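So the structure is just underneath, and the comments pick up after that.
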Amino acid sequence: MALLDVQHVDISYGNRLTVKDCNLSLGKGEICAIVGESGSGKTTVIRAVLGLLAGGGKVTAGDILYQDKSVLNLSKEQWNQLRGKEISMIFQDSGAMMNPTRTIGKVFVEYIRTHENISKNDAWAKGVEMLERMRLPNGDNIMKSYPFQLSGGMRQRVGIAMGMTYQPDLLLADEPTSALDVTTQAQIVRQFMELRDEYDTSMIVVTHNLGVAAYMADKIIVMKHGEIVECGDRERLLKHAKTEYTRQLLDAVPSLGGMRYV
Ligand SMILES: Nc1ncnc2c1ncn2[C@@H]1O[C@H](COP(=O)(O)OP(=O)(O)O)[C@@H](O)[C@H]1O
Ligand SMILES: [Mg+2]
């Protein structure tokens, strides 16, 4: 049984059809990368999976099944049950999503307390534990910091720590390493892989970096102008790219941590 099944989905903003006939099936512990140039619809697809389409975006055809149940018409309460606990999202720059005037600890404690009825002290301790699991030394200090006091890589680890607090079955990551230098990129990518190995988390990783996709993903979906132009197992796709577009993306692969992965 697939954990997530996106079936023939169309997505529109207003009356502009933006994503056409998107299909994606993800098993437990599987990692799928969505690659494609800017504006191809990658963010739109994963936001639809989390029921968080911005700007009046709507799924206008097809269905999205999570554990065999459609998520298209969930109530706010039902989404609150799923989001954060079973399905989590990590953004490109977790720091930019954070309120600059509030410390990491304040945000993290509040996040935990929306999901769990525990004391502030216990929530703080849980936050510290998660930060340290993400290899952020001295979690207590990080909790007391403001986002701008941390490096981009540290902020991204904080974002991942938050996203992993409840060991979600499905993690959606939108360009999680794009704002980082290559060395930090490689570290964060490895961290995602460790999370998958440890918790069997399924992941959809959106990236315009086919090198990251090639390194992480079991399967790769290539999007262009709102359509899937190619999809398949990593090996096949990388070795036998069918479209010129995929080959161009492959040729543009930058190095990841000093190594070319494809
Ligand atoms: N909130 C929105 N309102 C209207 N159009 C949007 C909105 N978000 C994205 N779009 C449009 O949808 C298309 C796909 O965007 P997006 O999913 O962000 O692509 P990607 O993540 O691949 O860069 C683009 O043409 C973009 O302009
Ligand atoms: Mg995007």
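Sequential numbering from 1 along the given sequence is applied to the chain's residues. Since we're looking at a predicted model, the values are computed, not measured. Computed from heavy atoms alone, side chains included, the values below leave out hydrogens, waters and symmetry copies. In each ligand, atom 1 is the first atom listed, and ligand 1 is the first ligand listed.
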Quick test of your reading of the model: are Lys126 and Glu116 salt-bridged, counting only N-O distances below 4.0 Å?
yes
Give the atom numbers and elements of ligand 1 that come within less than 4.0 Å of a heavy atom of Gly55.
1 (N)
Considering the heavy atoms of Ala54, write down every atom of ligand 1 situated less than 4.0 Å from one of them.
1 (N)
Compare Thr44, Thr18, Ile11 and give the one whose heavy atom is closest to atom 13 (C) of ligand 1.
Thr18
Is the closest heavy-atom distance from Gly57 to ligand 1 below 4.0 Å?
no
Distance from atom 26 (C) of ligand 1 to nearest protein heavy atom, with residue and atom
Arg16 NH2, 4.0 Å
Any sub-3.5 Å donor-acceptor pair from Asp10's side-chain atoms to Asp21's backbone N or O?
yes
Atom 14 (C) of ligand 1 has as its nearest protein heavy atom Gly39 O, 3.4 Å
Quick one: does Tyr66's side chain get under 4.5 Å of Glu86's, heavy atoms only?
yes
Do Asp218 and Arg234 meet the salt-bridge criterion of a basic N to acidic O distance under 4.0 Å?
no
Before accepting this row, confirm whether a basic side-chain N of the pair Glu30/Lys219 lies closer than 4.0 Å to the acidic partner's carboxylate O.
yes
Considering heavy atoms of the protein only, find what lies nearest to atom 10 (N) of ligand 1 and give residue, atom and distance to 0.1 Å.
Tyr13 CE1, 3.4 Å
Would you say Thr43 has an N, O or S atom lying under 2.8 Å from the Mg ion (ligand 2)?
yes
State plainly whether the residues Glu129 and Arg133 are in salt-bridge range, i.e. N to O under 4.0 Å.
yes
Using a strict cut-off of less than 4.0 Å between a Lys/Arg side-chain nitrogen and an Asp/Glu carboxylate oxygen, indicate whether Asp233 and Lys239 qualify as a salt bridge.
no
Would you call Arg135-Glu194 a salt bridge at under 4.0 Å N-O?
yes
So the atoms of ligand 1 within less than 4.0 Å of a heavy atom of Ser40 turn out to be 19 (O), 20 (P), 22 (O)
Residue, atom name and distance, where the atom is the protein heavy atom closest to atom 21 (O) of ligand 1:
Thr43 OG1, 2.7 Å
What is the nearest protein non-hydrogen atom to atom 19 (O) of ligand 1, stated with its residue, atom name and distance?
Gly41 N, 3.1 Å
